[in-house]
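Side chains included, hydrogens not; waters and symmetry mates left out as well; all remaining heavy atoms used.
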Amino acid sequence: MWGRRAHLVVSVALVAVAASGVLAWSYLGQEKPSITIFHAGSLTVPLEKMADEFEALYGVEVHLEAYGSVAAVRQITEMGRSCDVLAVADYKLIPELMWPEHADWFVIFATNEMVIAYTGGSCYSDVVGPDNWPEILCREDVSIGRADPAQDPCGYRTLLVWKLAEIYYDDPGLYERLLERSPQPTRPKSHDLLVLLEQGLLDYAFLYKSVAMQYGFSYVDLPPEVDLGHEEFSDLYSSISVEVEGLGEVRGEVIRYAITIPKNARHPDLAVKFLELLLGDEGASILESCGQNPIRPGLASGYENIPEALRDYVRRWEAAG
């Protein structure tokens, strides 16, 4: 009789603990649950901050894996790997490479701008600026770095920036001259360029503004007609394009980051909770502190497929054209 009563007391206590939201995994002899997030390298800092918040709130481990966004998508579509959340630097990769088999909705949650990052040790760092960078970066004694367009949107956006700069500065042949200075991608993803800059192995690298700010680099703030960050110049951006291996023609467009829960997610309920954090006040505050502009409410494509719990954080959106 006493044994059954003791068992009942323990059971009630455990239910109370669970109901209070305290995850006593070690007491129960169970492993702590975890979620895996594949993400653009440029989201590393804000997602690390959000992961810390999420782990504190829910007692859940968050495993972050950074890639160029194209490579992140292909972890799922070509390598058959599973993740609970996918966050990319170009929303188009989700409908173009994942629909309908691997995902059927996404939410655009942030924007960014392209800049040219450098350090105090970079050649001509004391004189480079928005008006003269095309001439300086084409000098023989200057090294410039770029990400791989086939793996990372920052890579093809770099090429788009070069074409837009040729128009803006009325400098025919600028694109080809810059391509001669950096004929091959320097690294697979833009985040990999940071170490080269820090070590003085590169003078300049084309990066997102948020990344340059997060890591304390100096940067050339490009004109809005060139930086792919301003909605009012959408028509100008879309007037140019580049060919990218494996992707075909990529046309210029405002930078938009997107997130989804892939169909092969192992913990979709926890993934929804993470997106609630990212799309809510806390996530917006973290993005702003990291130099990115949150979009609130998020722009949802495939709205009818979005989990009900996320509907309050988004509004329906479909890409033009």
Shortest non-hydrogen separation from L178 to L137 and the atoms involved: CD2-CB, 4.1 Å

Show which side-chain atoms of residues 35-57 pair as donor or acceptor with protein atoms under 3.5 Å away, not counting sequence neighbours.
| from | atom 1 | to | atom 2 | distance (Å) |
| --- | --- | --- | --- | --- |
| S42 | OG | Y257 | OH | 2.8 |
| T44 | OG1 | G41 | O | 2.7 |
| E55 | OE2 | V62 | N | 2.9 |

A side-chain contact here means heavy atoms from C-beta on lying under 4.5 Å apart; do L207 and L197 qualify? yes

State whether E180 and R177 are salt-bridged, where the test is any N-O pair (Lys NZ or Arg NE/NH1/NH2 against Asp/Glu carboxylate O) under 4.0 Å. no

Where do M114 and C154 land on the side chain to side chain contact (heavy atoms under 4.5 Å, CB included) test, with the steps shown first? CA-CA 8 Å; M114 293 291 293; C154 193; 3.8 Å; yes

Establish, from distance only, whether the side-chain atoms of E231 and S234 form a donor-acceptor pair under 3.5 Å. yes

Set of side-chain contact (heavy atoms from CB on, under 4.5 Å) partners for L201, sequence neighbours left out: L196, Q199

Please tell me whether Y91 and E253 have a donor and an acceptor in their side chains that are separated by less than 3.5 angstrom. yes

Measure up the W317 and F106 rings against each other and bin them: parallel (under 30°), tilted (30 to 60°), perpendicular (over 60°). perpendicular

Under 6.0 Å between the ring centres of Y215 and H191? yes

Between N112 and S210, is there a side-chain donor-acceptor contact under 3.5 Å, judged purely by atom types and distance? yes

Joint hydrophobic cluster, V128 plus M213, side-chain heavy atoms closer than 4.5 Å: no

Side-chain donor-acceptor contact under 3.5 Å, D141 with Y124: yes

Aromatic ring centroids of Y118 and W133 under 6.0 Å? no

Looking at E249 and R251, does any basic side-chain N land under 4.0 Å from a carboxylate oxygen? yes

Has the side chain of R146 got a donor or acceptor atom that lies under 3.5 Å from a matching backbone atom of T158? no

Would you please say whether a donor-acceptor pair under 3.5 Å links the side chains of R74 and Y67? no

Side chains of N293 and L287 in contact at under 4.5 Å (non-hydrogen atoms): no

Is there a side chain to side chain contact (heavy atoms under 4.5 Å, CB included) between N132 and Y169 once you walk through the steps? CA-CA 10 Å; N132 65 0; Y169 295 102; over 6 Å; no

Under 3.5 Å: donor-acceptor pair, side chain of K163, backbone of S241: yes

Does R157 qualify as a cation-pi partner of Y237, given the criterion of NZ or CZ under 6.0 Å from the six-membered ring centre and within 45 degrees of its axis? no

Are K209 and D227 within salt-bridge range, i.e. N to O under 4.0 Å? no

